[in-house]
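First the proteins, then the strands, lettered A, B, ... as listed; each starts at 1.
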Amino acid sequence: MDIITRFAPSPTGSLHLGAVRTAIFNYLFTRKNKGKFILRIEDTDQERSSLDSLNQILDSLRWLGIDFDEGPYIQSERLENYRAIAEEFVKKGLAYRCYMTSEEIQQLKESAQKENKVYKYPRTWRDRTDNPPGLDYVIRFKTPDNKDIKFYDTLRGNININSDVLDDFIILKSDGYPTYNFSTAIDDSEMNISNIIRGEDHLSNTSKQILIFNSLDKTPPTFTHVSMILGKDKSKLSKRNGSKSIEDFKKEGVLPISIINYLARLGWSHGDQEIFTLDEMIELFNLDNLTKSPAIYDESKLSWVNSSHIKNIENKELIKILEMDFFHGIDVNQALNAAKEKAKDLLALKESLKFCKSEEVSLDNEMLESISTKEVRETINDFYVESLKLDSFEKVEDIKHLMNSFLDKKNLKMKQVALPLRIILTGSKVSPGIYEIISIIGKEIFNRRIKKYLEL
RNA sequence: GUCCCCAUCGUCUAGCCUGGUCUAGGACACCGCCCUUUCACGGCGAAAACAGGGGUUCAAAUCCCCUUGGGGACGCCA
């Protein structure tokens, strides 16, 4: 059977982590099975949907590298279809018009609450045949009585829900827009979706959608309801308990692959492996290795995953991402290699390479003060003289030897030379090791920076 | 309240389906030590879990039931 999947966000805000993970699972599953991946925008809430959110979602997905084979299909552009089907349902006696106003329903809900009961629509219009002219109406689905609604979930097995816990739910709102359960089921059937992978919060909605599938005379897809991602406080992820948007991560120097790796690993596993390339994940992904229990979002793990991927990233790729200029004479590859080793994110990495951007470095007062003593000046001068013996700074080993023999000769501690040297050469407290720094900037820049300091 | 789902270290998880190899493995974080040229990186080590109670069985983290706990749904939100 051909695999067709979809990711169906609603454009009512930026992409949150749970949605992104759903997208990732769908993506991995589809690519693994050489299927078709569809993007569908569920914007049937006129009030909350916005073009801004839509663009933001599209941008985030693009940045993450999650690409689609079809779409985006926009539900608000398919309204005629939903309306026609709703009308057809009415004609067939599967649904009916309900003229009850929102105010009336509000009242029913309030009195139900007073009696400590749960509101349920009293089916007032279910069997009425009159159509009061000029009044707003909704179309409700005729939910059958005491019927077992069954479906299969690859993660949770056979699920059985009795229709009596369901209401005569609305399928078409009074503004002519479909409700979620209706349009989702229609699109999933019309787009021939074979597998629905989505959050567990949709598990109880599924019964309603099954009812729609049945009425449409279509076989429902195979479901996989993935567990939720929770915040540190074990409640639904929100800004308060640490949830961020994809834009936030981008700003904080997190690589797309790190997010994908971390999120995929939250709820999915392959033995003891923690770090995966995209290709590996596609190769290894399997619905059977998903976890059923909810997972708590842990930023420090993400940070570790990110630093691991930074270590692995190709320099060519890294240069593109950093959008950074290197001063000529800088050994760019060596600089990148050294910086990658210890950076926890791209911001830190960029910061540690600041000394590679221009001919000179700027020093703040505190730094200047720490290197302006007579002893330091002499030491640096001596080291400079010593360094003249070396024709090339290309090899880190040579510099190391140079340093060691210098320390021996002068009977100095590493600290006494390396600390001021680092400040003079980089103007920073965050940077690669001192031998690497010297090698990276090369003899020319080294000489220039040292001379400038000695002339101060 | 009703219905549905879930339950292994603080966190993510392996093991569960196909009971014995589990005095429960790995990773992140934490703590300690080492390396050291700041910040870091790295290396080594420690501590840390089968929610509770009943069954079934020679044997249960693994199968069954109950309790408890957590999550979700019950919208003219998706």
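- Here the options are A:R6, A:H202, A:E42, the test is side chain to side chain donor-acceptor pair (under 3.5 Å), and the partner is A:T184; only A:E42 passes.
- Between the side chains of A:T179 and A:N181, no donor-acceptor pair of N or O atoms lies under 3.5 Å.
- With a cut-off of 3.5 Å on both pairing distances, B:U37 has no Watson-Crick or G-U wobble partner at all.
- Among A:T224, A:T206, A:N205, the one residue that satisfies the side chain to side chain donor-acceptor pair (under 3.5 Å) test with A:R198 is A:T206.
- Nucleic acid contact for A:I159: sugar-phosphate only, since backbone atoms but no base atoms lie under 4.0 Å from a heavy atom of the residue.
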* Passes salt bridge (Lys or Arg N to Asp or Glu O under 4.0 Å), A:K244 versus A:E299? Steps please. -> CA-CA 10 Å; A:K244 290 178 182 164; A:E299 194 154 51; 2.6 Å; yes
Please list, for nucleotides 50-52 of chain B, all pairs of protein and nucleotide N/O atoms separated by less than 3.5 Å.
none

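- In this structure, A:R156 and A:W268 both approach RNA chain B, and ranking their closest nucleotides by distance from the 5' end singles out A:R156.
- Residue-level contact check: A:Y262 touches neither bases nor backbone, having no heavy atom under 4.0 Å from any strand.
- Under the 30°/60° scheme for interplanar angles, the aromatic rings of A:F141 and A:F169 are found to lie parallel.
- In the region residues 103-111 of chain A, proximity to RNA chain B at under 4.0 angstrom, judged on heavy atoms, holds for A:K109.
- Pairing for B:C9 is absent, with no Watson-Crick or G-U wobble pair whose two atom distances lie under 3.5 Å.
- Here B:G1 sits opposite B:C74 as a Watson-Crick or G-U wobble pair (both hydrogen-bonding atom distances under 3.5 Å).
- Of the residues near RNA chain B, A:K344 and A:M228, the one whose nearest nucleotide (by heavy atom distance) lies more toward the 5' end is A:K344.
- By the 30° and 60° cut-offs, the orientation of the rings of A:F276 relative to A:W268 is tilted.
- Contacts between residues 168-179 of chain A and RNA chain B, defined by a heavy-atom separation under 4.0 Å, are made by A:I170, A:K173, A:S174, A:T179.
- Checking B:A14, B:G72, B:U37 against every side-chain atom of A:I434, the shortest atom distance belongs to B:U37.
- Remark: of the listed residues A:Y99, A:Y96, A:Y137, A:Y99 is the sole one forming a ring-ring contact (aromatic ring centres under 6.0 Å, His included) with A:W125.
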